[in-house]
**Q** 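The structure that follows is given in the form of structure tokens.
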Amino acid sequence: MHLSSYEDLRSKLVSRVISCEDVVRYYLERIDRHQEDNIYISVFHEQALERARALDSKLNTGESLGKLFGLPMAIKDNIAMKGGRLTCASKILEHYESVYDATAVIRLEAEDAIFLGKTNMDEFAMGSSNENSAFGNVPNPFDKKRVPGGSSGGSAAAVANGLAMVALGSDTGGSVRQPAGFCDIVGLKPTYGRISRYGLVAFASSFDQIGVLSKNCNDAALVLEVMAGKDGHDATSSYHPVTDYSAEMSSISVEGLKIGVPKEYFPESLNSDVSRIVKGKLNSLRDQGAELVEIHLPDSEYAIAAYYILVTAEASSNLARFDGARYGYRSAHAEDLSAMYINSRTEGFGREVKRRIMLGTYVLSAGYYDTYYKKAQQVRRVFQDRYREALEKVDVIAGPTSPFPPFGIGEKTTNPLEMYLADVFTVPASIVGMPAISVPLGFDSMNLPVGMHLICNFFEEGKLLGIAKHMQHHD
Ligand code: GLN
């Protein structure tokens, strides 16, 4: 079954060339065949088929069809779906079942999407390689010895391997964009507040956004449009009107486009293949009439430091709720209440999560708060001003998604600082809250995917997707 896009799938469904049930069977079969790749943590075999049959009957009764009628989707396992497991790829939530649906899930369901299952990830979305999962590694779809990126590694691998047409991920510092770049697909992180975070398990609340992973920009636009918009359950969701992203996309042309190219995004240390491919694409856009504008984003080297101070601070507070009393895992070995808390957390959390809780507690503690946390907040503000100023002069800021191609499984696990550098180009958009996307450019000399990273101004998702579409190496 070749399905190039949701539009293609929809026309085949509506003209009854195939049924929703055929589609779901096809995907479930593929999922089962890829079982050893650990891409899904839960698969909804029966529910998905049941739902497909219900949707098929809509065609017969002539009921109106939702905007995402029959779209087979995967959901990252830190997004709540009522009655299903919500593990966050952590031992501490291994058997936890969600008691409600995330707003994003409700909105997708209302437009007739079909959910195939929940995908693997780095524990609590902390990581860049999917290696911090209590449910095992996920191999890169193009080289099994390498990582798919993270933390939404399962979602990226699901889309790249054709185990879902579109997947949801979450992006705090790059977790949708970086794995998309590593897996030759599109990964969109919307403006902070564009999609409700209700039902997304919090890592760093002032950074977290649900994002979309898909084969192409059109599918991302459709799914974003359905999920976006104000939600009474999330006070940080925005009232900014949701526009017709697909229409906006098609109005974007390369001619006259001002592409900001920051020197800081092409450091000496950048992998030479990545640099060559990204610059090659920029030059070809210039040949088609775009203007490449050299811009400066000074102090970019502080992004990673500021990010890891701020997100660990927020994580240490957010993860305090997992104490053995209210959710999930409780240690069997505890003489008193505080031993129960300590042992449950010690046994339930993985190494990276513990590292971040400790780091976050440290930067928030009396005596260090001003030196670290407050300073990082000030850096965040400086970044916001700089990116805003830059985007007054250009339409979009472009650079590589990752400084290197997908790395080997185990290559960076012993050096967390090295792992943190995987996000050096994705973290700034998260610090400032602007929408950003990774778009696939093709393959390097080792046949590994390379992604271009683009940032637009707040709430310019339609424009961002439209620009990205001109850069994608395949449809
Ligand atoms: N890799 C980054 C981190 O470990 C980003 C994670 C994310 O976006 N959830 O924090």
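We count ligands from 1, going down the list as the structure has it; atoms in each ligand are counted the same way. The structure presented is a predicted model; accordingly, all values stated were derived computationally and were not measured.
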**Q** Evaluating non-hydrogen atoms only, which member of Gly211, Gly127, Gly173, Ser129 is closest to atom 8 (O) of ligand 1?
**A** Gly173
**Q** Any side-chain heavy atom of Leu310 sitting closer than 4.5 Å to one from Tyr373?
**A**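 They are in contact (side-chain heavy atoms under 4.5 Å apart), so the answer is yes.
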**Q** Please work out whether any backbone atom (N, CA, C, O) or any side-chain heavy atom from C-beta onward of Phe207 is under 4.0 Å from ligand 1, and answer side chain, backbone, both or neither.
**A**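 Neither; nothing of Phe207 gets under 4.0 Å from ligand 1.
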**Q** Met126 versus ligand 1: do any nitrogen or oxygen atoms come within less than 3.5 Å of each other?
**A** no
**Q** Among all protein non-hydrogen atoms, which one is nearest to atom 7 (C) of ligand 1, and what is the separation to 0.1 Å?
**A**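 Checking every protein heavy atom, the shortest distance to atom 7 (C) of ligand 1 gives Ser175 OG, 2.4 Å.
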**Q** Please check whether Lys76 reaches ligand 1 - meaning an N/O of the residue sits under 3.5 Å from an N/O of the ligand, judged on distance alone.
**A**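 No, since none of the N or O atoms of Lys76 sits under 3.5 Å from an N or O of ligand 1.
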**Q** After noting the C-alpha distance and the side-chain angles of Phe407 and Phe182, does the key distance pass the side chain to side chain contact (heavy atoms under 4.5 Å, CB included) rule?
**A** CA-CA 9 Å; Phe407 46 90; Phe182 276 13; 3.8 Å; yes
**Q** For residues Leu364 and Ser316, determine if any side-chain heavy atom of one lies less than 4.5 Å from a side-chain heavy atom of the other.
**A**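 Yes, side chains in contact.
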**Q** Should Ser170 be counted as touching ligand 1, given the test is an N or O pair under 3.5 Å?
**A**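 No - when backbone and side-chain N and O of Ser170 are compared with those of ligand 1, no distance drops under 3.5 Å.
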**Q** Short list, please: which atoms of ligand 1 are under 4.0 Å from a heavy atom of Asp171?
**A**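 Near Asp171, the atoms of ligand 1 are 8 (O).
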**Q** Side chain, backbone, both or neither: which part of Tyr420 comes within less than 4.0 Å of ligand 1 when only heavy atoms are counted?
**A** neither
**Q** Which ligand 1 atoms does Tyr307 reach within 4.0 Å, using its non-hydrogen atoms?
**A** 2 (C), 3 (C), 5 (C), 6 (C), 10 (O)
**Q** Quick one: does Val311 get an N or O within less than 3.5 Å of an N or O on ligand 1?
**A**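 In fact, backbone or side chain, Val311 has no N or O that close.
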**Q** At a 4.0 Å threshold, what atoms of ligand 1 neighbour a non-hydrogen atom of Ala125?
**A** 6 (C), 7 (C), 9 (N)
**Q** Are Val105 and Phe115 close enough that some pair of their side-chain heavy atoms sits under 4.5 Å apart?
**A**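 A side-chain contact exists here, since the closest heavy-atom pair is under 4.5 Å.
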**Q** Kindly confirm or rule out a cation-pi arrangement of Arg380 over Phe207, judged by NZ or CZ under 6.0 Å from the six-membered ring centre and within 45° of its axis?
**A**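 Yes.
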**Q** Contact between Lys76 and Ser151 at the side-chain level, heavy atoms closer than 4.5 Å - yes or no?
**A**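 Touching, per the 4.5 Å side-chain cut-off.
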**Q** Taking the six-membered ring for Trp, are Phe349 and Phe124 parallel (under 30°), tilted (30 to 60°) or perpendicular (over 60°)?
**A** perpendicular
**Q** Give the residue, atom name and distance (to 0.1 Å) of the protein heavy atom nearest atom 3 (C) of ligand 1.
**A** Tyr308 OH, 3.2 Å
**Q** Heavy-atom pairs closer than 4.0 Å: do any link ligand 1 to the side chain of Ser151, the backbone, both, or neither?
**A** side chain
**Q** Purely on distance, is any nitrogen or oxygen of Phe203 under 3.5 Å from one on ligand 1?
**A**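 No.
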**Q** Looking at ligand 1, is there an atom of it that comes within less than 4.0 Å of some heavy atom belonging to Met419?
**A**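 Not so, Met419 does not reach ligand 1.
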**Q** At under 4.0 Å between heavy atoms, is it the side chain or the backbone of Thr172 that contacts ligand 1, or both, or neither?
**A**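 Under 4.0 Å from ligand 1, Thr172 contributes backbone and side-chain atoms.
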**Q** Search all heavy atoms of Pro298 against all heavy atoms of Glu264 and return the closest pair with its distance.
**A**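 Nearest heavy atoms, Pro298 then Glu264: N-OE2, 3.8 Å.
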**Q** Would a 4.5 Å heavy-atom cut-off, applied to side chains only, mark Glu225 and Glu111 as touching?
**A** no
**Q** Measure the distance from atom 1 (N) of ligand 1 to every protein heavy atom, then report the residue, atom name and distance (to 0.1 Å) of the closest one.
**A**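 Of the protein heavy atoms, Asp423 OD2, 2.6 Å lies nearest.
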**Q** Just to verify, what does Glu131 make a side chain to side chain donor-acceptor pair (under 3.5 Å) with, not counting sequence neighbours?
**A** Ser129
**Q** Of all the non-hydrogen atoms in the protein, which one sits nearest to atom 4 (O) of ligand 1, and at what distance?
**A**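 Result for atom 4 (O) of ligand 1: Arg356 NH2, 2.7 Å.
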**Q** Can a side-chain donor-acceptor contact be found between Ser196 and Asp231 if the only test is distance below 3.5 angstrom?
**A** yes
**Q** Less than 3.5 Å between some nitrogen or oxygen of Gly150 and one of ligand 1, yes or no?
**A** no
**Q** Does the ring-ring contact (aromatic ring centres under 6.0 Å, His included) test come out yes or no for Phe459 and His240, once each step is laid out?
**A** CA-CA 8 Å; Phe459 299 105; His240 196 93; 4.1 Å; yes
